Amino acid sequence: MFNYKNFISLLTENIKTMKPDKIIQVNQESQENRADVVIVNGKAFTYKNSGLTRRVFVNKDKTLVVKIPVGKYSQHFNDEELECWESASDDVKKELANTKRLENGYIIQEYLHTIDDEITGEWLNRPMTMKEIRFASSCRDDVGYDKDGNLKCYDLHEYKKY
Amino acid sequence: MNHLKRKSLIENFNSFVKKLSDKDVLEISLYITTKFDSNPPNNITKEFIDEFIGNDDWAVFVQDYRTGHNSLFRPFILVSEINEIRSLIMFEVTLRFNKLLNKKVVKKVDLIPKLKVDLKSAIDNSFEDDIFSKVDGWCNVSDVLVKYKLINLE
């Protein structure tokens with residue numbers, strides 16, 4: 001017959017003597033997360049912006065950005081974004097920023113001239129079309145123009161959310 | 001609303017309404033604010049809705065209206081800036097109405113200096129030996145008043 005009392009005492013004793021390999025704090029942060037500049041493949045990326053889950057760094061040419069999770073718990077946002085990009089159809093890919101994975105798990109995306117940037121209007125040199133305005137609203141304005149002037153969303157969690 | 005989006009919306013709106021007559025602007029304004037529930041849209045209104053609101057969002061908006069959802073309990077957020085667009089079209093109607101009204105007022109205001117000059121001239125011509133002739137004076141003054149349609153002596 002199963003002795004419940006013995007089982008509990010054995011379990012409690014084991015837990016007391018267990019030694020974890022590594023304690024991961026929920027709010028643990030990477031060193032890069034606190035940096036103003038990160039080096040990726042020998043090139044410097046400077047801090048651009050940050051959201052709730054990731055910080056964004058941009059290279060000098062403004063052609064690429066690196067997204068670094070704010071904490072270990074937000075790494076899956078990068079994973080999700082990459083997986084969705086890789087499995088997306090061609091039509092959807094036209095509306096999302098081109099995404100690749102770095103060796104350490106961070107993701108690197110094409111640079112977008114975001115609509116919240118003051119100089120984007122001047123760079124674009126034309127008003128946004130009504131279709132673009134609606135697309136931007138549907139992505140809660142987390143959008144920007146690629147080098148060819150196509151409007152794309154840079155945050156998977158906001159993509160056509162509304 | 002994002003600055004670039006708002007600026008673009010206004011530019012797009014202005015270039016669209018620039019080519020429209022006062023009647024068209026009024027028709028669009030009336031349709032998207034009140035008439036949409038009972039009357040079909042005309043072609044220019046259809047074009048306006050398609051361009052600025054999007055047919056899908058417009059259908060949701062009308063559906064919301066008919067089912068009695070208010071802004072607080074609406075099932076989902078509309079992508080298009082319907083309230084912004086409705087404000088813009090109503091502002092355009094007000095602007096055009098003001099212009100029309102202003103034209104009429106300006107015409108009347110323009111007449112006043114001429115009337116003054118004509119009346120002064122009529123009075124000046126009514127003196128005989130430095131004495132004002134009441135009969136000729138009234139005739140001259142009444143001619144001016146009739147000319148400006150201020151009195152009718154027939």
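Letters A, B, ... are given to chains in the order of the sequence lines, protein chains preceding strands, and every chain is numbered from 1. Treat the numbers as computed from the prediction; the structure is a model and nothing was measured.
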Student: Would you be so kind as to tabulate the donor-acceptor pairs closer than 3.5 Å made by side chains of residues 119-126 of chain B, with sequence neighbours excluded?
Tutor:
residue: B:Lys120; atom: NZ; partner: B:Asp124; partner atom: OD2; Å: 3.4
residue: B:Asn125; atom: ND2; partner: B:Ser121; partner atom: O; Å: 3.1
residue: B:Ser126; atom: OG; partner: B:Ala122; partner atom: O; Å: 2.6
residue: B:Ser126; atom: OG; partner: B:Asn140; partner atom: ND2; Å: 2.9

Student: Verify the neighbour count for atom CG of B:Leu101: are there more than 12 heavy atoms of other residues, nucleotides or ligands below 6.0 Å?
Tutor: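 Yes, enclosed.
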Student: I'd like to know if the side chain of B:Asn2 and the backbone of A:Ile115 have a donor-acceptor N/O pair within less than 3.5 Å.
Tutor: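 Between the backbone of A:Ile115 and the side chain of B:Asn2 there is a qualifying donor-acceptor contact (under 3.5 Å).
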Student: CZ of B:Phe91: more than 12 outside heavy atoms within 6.0 angstrom?
Tutor: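 Incorrect, the count does not exceed 12.
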Student: For the CG atom of A:Leu124 and the CG atom of B:Leu4, what is their distance to the nearest 0.5 Å?
Tutor: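 Spacing of CG (A:Leu124) from CG (B:Leu4) equals 6.5 Å.
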Student: Please check if the number of heavy atoms outside B:Asp130 that lie under 6.0 Å from its CG is greater than 12.
Tutor: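 No, CG of B:Asp130 has 12 or fewer neighbouring heavy atoms, counting only those of other groups under 6.0 Å.
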Student: Can you measure from CD (B:Glu51) to OG1 (A:Thr129) and round to the nearest 0.5 angstrom?
Tutor: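 Nearest 0.5 Å value for the CD-OG1 distance: 7.5 Å.
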Student: Taking every heavy-atom pair that is under 4.5 Å apart, which of A:Met128, A:Glu132, A:Lys131 has the most such pairs with chain B?
Tutor: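 Option with the top pair count is A:Met128.
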Student: Please state whether the side chain, the backbone, both or neither of B:Lys5 comes within less than 4.5 Å of a heavy atom of chain A.
Tutor: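 Both parts, backbone and side chain.
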Student: Got more than 12 heavy atoms from elsewhere within 6.0 Å of CG, B:Asp50?
Tutor: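 Yes, CG of B:Asp50 has more than 12 neighbouring heavy atoms, counting only those of other groups under 6.0 Å.
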Student: Just so I understand: if I count every heavy-atom pair under 4.5 Å between each of B:Lys7, B:His3, B:Glu11 and chain A, which residue has the most?
Tutor: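 Highest number of heavy-atom pairs under 4.5 Å: B:Glu11.
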Student: Identify which part of A:Asp116 has an atom lying under 4.5 Å from any heavy atom of chain B, answering side chain, backbone, both or neither.
Tutor: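 Both the backbone and the side chain of A:Asp116 come within 4.5 Å of chain B.
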Student: Should we say atom CZ of B:Phe97 is surrounded by more than 12 heavy atoms from elsewhere, each under 6.0 Å from it?
Tutor: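 Open: at most 12 neighbouring heavy atoms sit under 6.0 Å from CZ of B:Phe97.
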